[in-house]
Amino acid sequence: MNFIIKKFLRVYTGYLLLIPGFFIACQTDHASFQLSSERLSLPIVFVHGTLASGDTYATQFQRFSSNNYEEGLMFTYDWNTLNMANSVGLLDNFVNSVLLKTGKSKVILVGHSAGGTLIYNYCNDALRADKVDKYIQLGSNKQSKPAGNNGQIPTLNIWSTDDQVVSGDSITGAVNVKLNALDHYQIATHSLVFIEMYKFITGDLPQSNEIIPLNNCTLGGRVVSLGENSLVSGATVQIYEVDPTTGYRINSVPDTTLVPDANGWWGPVDAKKSAYYEFELRKSGDPNFRVVHYYREPVLRNNPWIYLRAFPPAGSTIGFLLNNLPKDDMQSVVAVFSSNQAIINGRDLLKIDGYTLSIPSLTAANQTTIALFLYDEGDCKTSLDSKLIFSFLPFLKGADVFFQTNTKATISLEFNGRNLNVPNWKSGSEGVIIPVFD
């Protein structure tokens with residue numbers, strides 16, 4: 001265990017140097033640029049940061065589509081942020097595939113945190129730079145010039161004064177936007193960031209910076225391994241509508257059963273307005289595969305970027321750590337995920353079954369906690385003590401919370417006035433519970 005943790009720390013410590021940064025608008029320095037009709041309909045490729053996936057940008061996708069940006073022109077690039085081998089070459093392959101699919105000659109690249117550094121390195125070559133119309137850097141490192149081998153790519157650089165992960169700064173020759181009061185993750189997800197991106201891409205203000213609801217919408221997404229974004233062969237996705245007051249399934253059989261395609265994508269499927277859904281990820285015939293139950297808030301409009309993360313194999317760095325989670329039919333294991341912001345003590349309120357989790361030891365601002373793994377280590381009591389093993393990981397924390405499974409019950413969660421209710425599945429035979437606050 002110590003060897004694997006030390007190996008992870010070497011990888012992560014080196015990689016922190018690549019991660020970008022954080023927060024809400026107070027200063028803008030706009031350069032002028034010429035627009036062409038083609039630029040208003042170019043494909044956008046979004047690249048996530050460390051331990052993340054393409055769903056980082058799901059709300060931004062919905063904001064762009066709310067403002068009539070064509071859904072088929074937006075793409076997510078998923079990469080293994082713990083293994084940088086040939087990362088530039090793999091991104092180039094993806095850009096080429098997008099250009100081939102759309103018939104366009106250039107793309108717009110958007111990178112958050114480490115994804116920004118990947119894109120900046122990608123553009124440091126004349127042939128690759130020629131494929132890029134614009135570059136948007138979100139919460140990433142200060143650079144000496146705009147993107148491109150000669151700094152020729154129009155660059156929007158957004159960072160926050162409150163970034164607790166990376167200290168951003170102005171880039172000479174770029175369009176620079178300094179924001180305040182947003183956490184590191186919000187630099188990728190916030191509506192103020194959307195406004196700046198939309199202006200930079202189109203030359204106009206958006207009609208709305210909100211997600212405009214649709215009466216009829218669809219859901220889709222991707223199945224990948226947590227942290228590494230590897231493909232998960234043989235998995236199936238079962239979708240159930242659930243009772244929002246209990247979290248339990250309305251029907252015993254799934255509304256839909258889906259087999260992801262060769263690249264892990266599933267859907268689209270129709271979604272009911274205001275309905276709550278459970279997404280169950282399982283893999284028949286594999287006793288080592290942990291079933292995962294995802295619960296989400298109702299969807300407002302089309303969302304093709306609902307990611308379902310499987311636990312990686314035990315031999316991988318993340319897989320080894322997650323393999324320590326209990327497989328115990330006497331308790332539930334719950335991993336609370338905040339998909340659009342960190343959970344920060346003093347700013348946010350997160351409760352589960354009456355216990356307040358947004359406390360300094362778990363959600364201090366400098367921890368930038370995105371997900372909390374909640375389980376008991378054997379005494380059947382809740383102490384809220386921080387789990388040491390998660391201290392070696394960025395953005396993830398663990399806490400001692402006991403959820404009994406002797407009787408059927410509902411686990412109730414509240415995050416900043418929003419509520420999710422989930423069943424107390426047995427962690428051994430029935431799987432791990434992941435409530436997601438959008």
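- Judged by distance alone, the side chain of Asn421 and the main-chain N or O of Gly247 form no donor-acceptor pair under 3.5 Å.
- Between the side chains of Tyr240 and Asn251, no donor N or O sits under 3.5 Å from an acceptor N or O.
- Residues Tyr57 and Phe61 keep their aromatic ring centres 6.0 Å or farther apart.
- The aromatic rings of Phe194 and Tyr198 sit tilted relative to each other, their planes meeting at an angle between 30° and 60°.
- A side chain to side chain contact (heavy atoms under 4.5 Å, CB included) with Gln331 is found for exactly one of Asn406, Asp376, Val401, namely Asp376.
- Judged by the 6.0 Å and 45° rule, Lys408 forms a cation-pi pair with Tyr248.
- Across Asn340, Thr368, Thr56, a single residue satisfies side chain to side chain donor-acceptor pair (under 3.5 Å) together with Tyr185, and that is Thr56.
- Aromatic ring pairs are classed by plane angle as parallel below 30°, tilted from 30° to 60° and perpendicular above 60°; the pair Phe390 and Phe373 is parallel.
- By the 6.0 Å contact criterion, CD on Glu71 is enclosed, its count of non-hydrogen atoms from other residues, nucleotides or ligands being greater than 12.
- Defined by atom type and a distance below 3.5 Å, a donor-acceptor pair is present between the side-chain atoms of Glu228 and Ser316.
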Apply side-chain hydrogen bond (donor to acceptor under 3.5 Å, both in side chains) to Ser358 and Asn345, showing your working.
CA-CA 5 Å; Ser358 47; Asn345 166 255; 5.6 Å; no

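- Here the side chain of Asp78 pairs a donor or acceptor atom with the backbone of Gly54 at under 3.5 angstrom.
- With respect to the salt-bridge test (charged N to carboxylate O, under 4.0 angstrom), the residues Asp255 and Lys272 do not qualify.
- Under 3.5 Å, the side chains of Ser427 and Asp328 contain no donor-acceptor pair of N or O atoms.
- One finds the CZ atom of Arg282 at 7.0 Å from the OG1 atom of Thr236 (value rounded to the nearest 0.5 Å).
- With Cys217 as the partner, the side chain to side chain contact (heavy atoms under 4.5 Å, CB included) test is satisfied by one option alone out of Leu300, Val299, Asn303: Val299.
- By the 30° and 60° cut-offs, the orientation of the rings of Trp305 relative to Phe46 is perpendicular.
- In this structure, Gln404 and Ala409 approach most closely via the heavy-atom pair NE2-CB, 3.8 Å.
- With hydrogens and angles ignored, the 3.5 Å screen pairs a side-chain donor or acceptor of Arg63 with a backbone N or O of Asn209.
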What do the steps show when you test Arg222 against Asp261 for salt bridge (Lys or Arg N to Asp or Glu O under 4.0 Å), and what is the final call?
CA-CA 9 Å; Arg222 198 175 189 209; Asp261 67 18; over 6 Å; no

With side-chain contact (heavy atoms from CB on, under 4.5 Å) as the criterion, how do Trp159 and Asn176 come out once you've worked through the C-alpha distance, each side chain's angles and the decisive distance to 0.1 Å?
CA-CA 8 Å; Trp159 81 99; Asn176 292 293; 3.9 Å; yes

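- Of the candidates Val223, Leu219, Val292, Phe279 forms a side chain to side chain contact (heavy atoms under 4.5 Å, CB included) with just one, namely Leu219.
- Remark: Arg296 fails to qualify as a cation-pi partner of Phe337 under the 6.0 Å distance and 45° angle criteria applied to the six-membered ring.
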Determine, stepwise, if the pair Thr202 / Asp204 fulfils side-chain hydrogen bond (donor to acceptor under 3.5 Å, both in side chains).
CA-CA 5 Å; Thr202 70; Asp204 295 316; 4.6 Å; no

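- For Glu280 and Arg249, the salt-bridge test passes: some basic side-chain N is under 4.0 Å from an acidic carboxylate O.
- The aromatic rings of Tyr69 and Phe64 stand perpendicular to each other, their planes meeting at an angle above 60°, with 30° marking the opposite boundary.
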Run the side-chain contact (heavy atoms from CB on, under 4.5 Å) check on Ile239 and Leu258 step by step: do they pass?
CA-CA 8 Å; Ile239 304 176; Leu258 300 160; 4.0 Å; yes

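- The two residues Pro312 and Leu322 come nearest to each other via the heavy atoms CD-CD1, 4.1 Å.
- Relative orientation of the Tyr307 and Trp265 rings is perpendicular, given thresholds of 30° and 60° on the angle between their planes.
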Starting from the C-alpha separation in whole Å, work towards a yes-or-no answer on side-chain hydrogen bond (donor to acceptor under 3.5 Å, both in side chains) for Gln341 and Asp348.
CA-CA 10 Å; Gln341 63 171 87; Asp348 304 308; 3.1 Å; yes

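- Of the candidates Thr81, Thr76, Val110, His48 forms a side chain to side chain contact (heavy atoms under 4.5 Å, CB included) with just one, namely Thr81.
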Please lay out, stage by stage, how Val259 and Trp266 fare under the test side-chain contact (heavy atoms from CB on, under 4.5 Å).
CA-CA 7 Å; Val259 177; Trp266 57 270; over 6 Å; no

Does the pair Asn157 and Gln137 meet the rule for a side-chain hydrogen bond (donor to acceptor under 3.5 Å, both in side chains), with working shown?
CA-CA 5 Å; Asn157 171 43; Gln137 174 168 297; 3.3 Å; yes

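- Remark: Lys387 qualifies as a cation-pi partner of Tyr375 under the 6.0 Å distance and 45° angle criteria applied to the six-membered ring.
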